[in-house]
Amino acid sequence: MSTPGTLITVAPTGAEHTKADVPNLPVTLEELVATAEACERVGAAMVHIHIRDDDAKPTLDLGRLRETVAAVRERTNLVVQLSTGGAVTDPESDRLAVLDALPDSASCSMGTVNFGDDVFMNRWEFIVELHIRMRDRGIVPEYEIFDLGQLTSLHRLLDKHGLPAGGHVHVDLVMGVPGGMAGDTETLAAALRLIPDGATFSATGVGRTTLPVLFAALSAGGHVRVGMEDTISYARGERVKDNAQLVARASGLARIAQRPPLTPDEARALLGVAAQPVTSA
Ligand code: KMH
Ligand code: ZN
């Protein structure tokens, strides 16, 4: 399962933080693309994107998503991953329609989970629909795992419906969500026992679990996701300056672990993402 290099994904925005609370959150197209450029310079190979509207509120507007995919492709070489998770309030129809923006990759959350005071709903039939539509469009999924039972669901999905586009299975363990699995080494080790043979994994720790999960993932031969979607604290009492600061820290630790950051092209090869993007469904 381990590879020599580390895939670093940046999740710069998310759907939960408000611009009022986090003024340095990238919410406009220009802020997002400038962030993506800065993060690529310091070692990111993939960007996990949620977008905002003119009022900085989360949106799944298809026109904006298409414009975002095009702009990030034009100004970076990053693997472009769109969130199909959206915000907890987004309807399934809008979440499925995200795929019409034809990103290189998209998230596919593997089950329903309490999400702080909310519920992040992912019905089985919806998961299957995402998986199949992604394969039809040549979009490589990243299976988002919030709790251990969701890895059992992933086995069920692959057994019943086959491998995804690209033929490779890549999982992201999203740890430390209030309502999901804990973000610590013991839980990561438990998750690794359940990951499908041949799959790669990355991990991200939400909030104060960011560093324990980063260290645990690197030591276990995994990849990492960092970004302001998942944490806005850099250290105790110190706010994150920008996403590139988090990526730079992860890159430094990956180098110390003798597993330097993968380039975007190396990440494409790892994930089974086509060198040339699919531009029509
Ligand atoms: N915003 C969360 C409710 C994903 O991007 O696919 C869901 C989420 C997962 O962030
Ligand atoms: Zn997300």
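Just so you know, ligand 1 is whichever comes first in the structure, and atom 1 is the first atom listed for that ligand. Both backbone and side-chain heavy atoms feed into the values below; hydrogens, waters and symmetry mates do not. By convention here, the first residue in the shown sequence is residue 1.
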Protein residue, atom and distance nearest to [atom], heavy-atom basis:
atom                    : result
atom 10 (O) of ligand 1 : Glu229 OE2, 3.0 Å
atom 6 (O) of ligand 1  : Ser107 OG, 2.6 Å
atom 7 (C) of ligand 1  : Phe120 CZ, 3.5 Å

Practice item. Check whether any heavy atom of Ser109 sits under 4.0 Å from an atom of ligand 1. Key: yes

**Study point:** Close approach, Cys108 and ligand 1, non-hydrogen under 4.0 angstrom
**Key:** no

Review point. Of Ile145, Leu188, Thr204, which meets side-chain contact (heavy atoms from CB on, under 4.5 Å) against Met175?
Key: Leu188

Subset of ligand 1 atoms that lie under 4.0 Å from at least one heavy atom of [X]:
X      : result
Gly86  : 1 (N), 2 (C), 3 (C), 7 (C)
Phe115 : 2 (C), 3 (C)
Glu16  : 1 (N), 2 (C), 3 (C)

Check your understanding: Hey, is ligand 1 close enough to Glu144 that some N/O pair sits below 3.5 Å?
Key -> no

Check your understanding: So, does Arg95 use its side chain to make a donor-acceptor pair with the main chain of Thr84 at under 3.5 Å?
Key -> yes

Review point. Distance-only, no hydrogens or angles: does the Thr76 side chain make a donor-acceptor pair with backbone N or O of Arg73 under 3.5 Å?
Key: no

Check your understanding: Do Asp100 and Arg137 meet the salt-bridge criterion of a basic N to acidic O distance under 4.0 Å?
Key -> yes

Review point. Of Pro58, Ser83, Gly85, which has the heavy atom at the shortest distance from atom 5 (O) of ligand 1?
Key: Ser83

Practice item. Classify the side-chain pair Thr35/Asn243 by whether it contains a donor and acceptor separated by less than 3.5 Å. Key: no

Practice item. Verify whether one side chain among Ser109 and Glu144 offers a donor that lies under 3.5 Å from an acceptor in the other. Key: no

Check your understanding: Does the ring of Tyr234 carry Arg249 above it, NZ/CZ under 6.0 angstrom from centre and within 45° of its axis?
Key -> yes

Point to revise | Which atom of His48 approaches the Zn ion (ligand 2) most closely (N/O/S) | key: NE2

Review point. Between His168 and His170, how do the two ring planes meet: parallel, tilted or perpendicular, split at 30° and 60°?
Key: parallel

Point to revise | Metal-centred angle, the Zn ion (ligand 2) as apex - NE2 of His50, OE2 of Glu229, 10° resolution | key: 100°

